[in-house]
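Working notes, structure below.
Chain A is the first sequence line, chain B the second, and so forth, proteins listed ahead of strands; every chain is numbered from 1.
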Number of protein chains: 2
Amino acid sequence: MSDQTDAVATPIRTAVADDDGIDFTLIELFFFAYRDFTSDPDEILTDYGFGRAHHRVLHFVNRRPGLTVAELLDVLKITKQSLARVLKELIDTGHVVQLQGPKDRRQRELYPTAKGRALALVLAKPQSRRIHAALKEASAGQRDSIERFLKAMVNPELRAQIDIVPKNAG
Amino acid sequence: MSDQTDAVATPIRTAVADDDGIDFTLIELFFFAYRDFTSDPDEILTDYGFGRAHHRVLHFVNRRPGLTVAELLDVLKITKQSLARVLKELIDTGHVVQLQGPKDRRQRELYPTAKGRALALVLAKPQSRRIHAALKEASAGQRDSIERFLKAMVNPELRAQIDIVPKNAG
DNA sequence: AAAATATGTCAATAATGCTGACATATTTTG
DNA sequence: CAAAATATGTCAGCATTATTGACATATTTT
């Protein structure tokens with residue numbers, strides 16, 4: 001009886017692999033890729049006294065100018081209280097401004113300032129460069145596959161969040 | 001003069017888009033995909049009183065049985081003190097065991113127990129299912145593109161960490 | 001007028017990370 | 001063999017990002 005109550009549990013010496021019917025290869029690659037994907041902006045952010053949370057807010061305010069606090073909470077999947085401090089700091093430092101909603105004056109529409117736009121671009125640049133480098137040898141069709149894959153990884157009921165920004169809104 | 005000292009900074013009402021020479025589409029998709037990719041195991045982990053940090057340790061101990069503490073720190077890119085608490089909890093709950101290194105007795109080789117292996121599979125299952133569903137319509141060649149892309153997103157000098165586990169170690 | 005909604009704020013707490021310092025056991029070096 | 005280097009463990013303090021619960025204010029809807 002080698003159950004949990006044994007003083008010493010038996011070590012398993014074989015590695016799990018894709019054989020177990022589980023795609024460990026892609027699971028692990030996704031972890032490594034995202035770890036390094038976020039590392040570039042993380043370094044820049046420390047110079048500004050900001051963290052990854054500030055980056056996320058700044059990104060979406062630049063991506064969807066005029067979105068409300070509620071919409072931002074829904075996209076980030078965090079609570080109002082978690083957002084509060086981060087948003088306040090971005091407002092206090094002049095990266096983001098709030099405007100009263102034109103139709104519903106309870107709402108606060110969030111917009112980037114020129115300063116906030118500039119920082120968003122600075123943060124996105126190394127990420128875009130990394131993506132561009134990773135796609136170097138990929139064809140246009142392969143890029144489409146990757147885009148479709150990433151989109152399909154998102155919960156179906158939340159995929160609408162992605163489509164808010166048209167492919168080339170410019 | 002609309003600089004930062006102005007009482008009210010001017011809001012920018014246009015959205016950033018890929019036009020700015022930055023691949024915001026993939027940047028954002030990567031964020032959404034990873035957010036939902038980690039949400040499944042996160043929910044399961046709360047039932048065990050564990051967090052995402054425990055999951056990462058458990059994953060790599062199952063993936064590379066016998067890896068040392070130093071190797072684990074290198075893979076996770078965290079400090080020894082950060083790992084300590086999480087690792088201790090996994091050991092105390094019988095998910096992971098430490099064996100003295102056979103050659104260098106200072107080292108502690110980390111192995112999963114049957115309990116730890118089982119939990120790793122439970123956590124990986126929904127992630128694998130999500131990947132599988134996302135690849136549903138993709139051809140084998142497209143899967144390769146995605147794998148190559150994710151691998152290319154990892155810092156070149158750290159890509160060796162990925163290759164430690166052979167494609168089909170089974 | 002009452003209820004619902006959007007936002008803001010306060011207080012307390014948890015998870016995960018950090019730095020710095022130091023102890024122990026073991027291996028390597030001179 | 002003694003000294004230095006290495007691998008690990010641990011303590012104390014702290015920062016960031018998240019959580020829940022409670023409550024206040026302004027505004028809109030019923």
As a test of reading the structure: which of D:dA18, C:dG17, C:dT26 is closest to the side chain of B:Arg56, going by heavy atoms? C:dG17
Report yes if at least one side-chain N or O of B:His54 is closer than 4.0 Å to OP1 or OP2 of C:dA15; otherwise report no. no
Quick check: does any side chain N or O of B:Asp18 sit under 3.5 Å from a backbone N or O of B:Phe24, one acting as donor and the other as acceptor? yes
Identify the heavy atoms of B:Gln161 and B:Val75 that sit nearest to each other, and give their distance. NE2-CA, 3.6 Å
Under 4.0 Å between any heavy atoms, over every strand shown, what does A:Arg85 touch: base, sugar-phosphate, or nothing? Just pick one. base
Give A:Lys80 one of three labels, base, sugar-phosphate or nothing, depending on what nucleic acid heavy atoms sit under 4.0 Å from its own. base
When you get a sec, tell me which of C:dT7, C:dC18, D:dG9 is the closest nucleotide to the side chain of B:Val69? D:dG9
Do the ring planes of B:Phe37 and A:Phe30 sit parallel (below 30°), tilted (30 to 60°) or perpendicular (above 60°)? perpendicular
Go ahead and name the base partner of D:dT30; Watson-Crick or wobble counts if both distances stay under 3.5 Å, otherwise write none. C:dA1
Answer yes or no: does a side-chain N or O of B:Thr79 lie under 4.0 Å from OP1 or OP2 of C:dC18? yes
Rounding to an integer number of Å, can you tell me how far B:Leu83 CG sits from D:dT10 P? 12 Å
Pairing check on D:dG13: which nucleotide meets the Watson-Crick or G-U wobble criteria with it, both distances under 3.5 Å? C:dC18
Measure from CG on A:Asp42 to P on C:dC18 and round the result to the nearest Å. 11 Å
Protein-nucleotide distance (A:Gln107, atom CD; D:dT28, atom P), rounded to Å: 10 Å
Which whole-number value in Å describes the distance from A:Asp74 CG to C:dT5 P? 15 Å
Return the value, rounded to whole Å, for the distance between atom CD1 of A:Ile78 and atom P of C:dA14. 20 Å
Rounding to an integer number of Å, can you tell me how far A:Leu73 CG sits from D:dT17 C1'? 14 Å
Between A:Arg105 and A:Val86, whichever has its closest DNA chain D nucleotide further toward 5' is A:Val86
How long is the line joining CD of A:Gln100 and P of D:dT25, in whole Å? 17 Å
Looking only at atom types and distance, does a side-chain atom of B:Asp23 sit under 3.5 Å from a main-chain N or O of B:Leu26, one as donor and one as acceptor? yes
By nearest-heavy-atom nucleotide on DNA chain D, the more 5' of A:Gly49 and A:Ser82 is A:Gly49
I'd like to know if B:Gln81 reaches the base of C:dG20 with its side chain such that a donor and an acceptor end up less than 3.5 angstrom apart. yes
Confirm from the modelled atom types if A:Arg106 and C:dT5 form a donor-acceptor pair under 3.5 Å, side chain to base only. yes
When rounded to the nearest 0.5 Å, the distance separating CD1 of B:Ile131 from CZ of B:Arg129 is 12.0 Å
When both distances are under 3.5 Å in a Watson-Crick or G-U wobble arrangement, the nucleotide paired with C:dT29 is D:dA2
N/O donor-acceptor pair, side chain B:Arg108 with base D:dT8, under 3.5 angstrom: no
Between C1' of C:dA6 and CG of A:Leu110, the distance in whole Å: 12 Å
Identify which nucleotide among C:dT7, D:dT19, D:dA7 has an atom closest to any side-chain atom of A:Ala70, counting heavy atoms from C-beta outward. C:dT7
Describe, in one word, how the ring planes of B:Phe60 and A:Phe32 are oriented to each other, choosing from parallel (under 30°), tilted (30 to 60°) and perpendicular (over 60°). tilted
So what does A:Glu89 touch, heavy atoms closer than 4.0 Å: a base, only the sugar-phosphate, or nothing? nothing
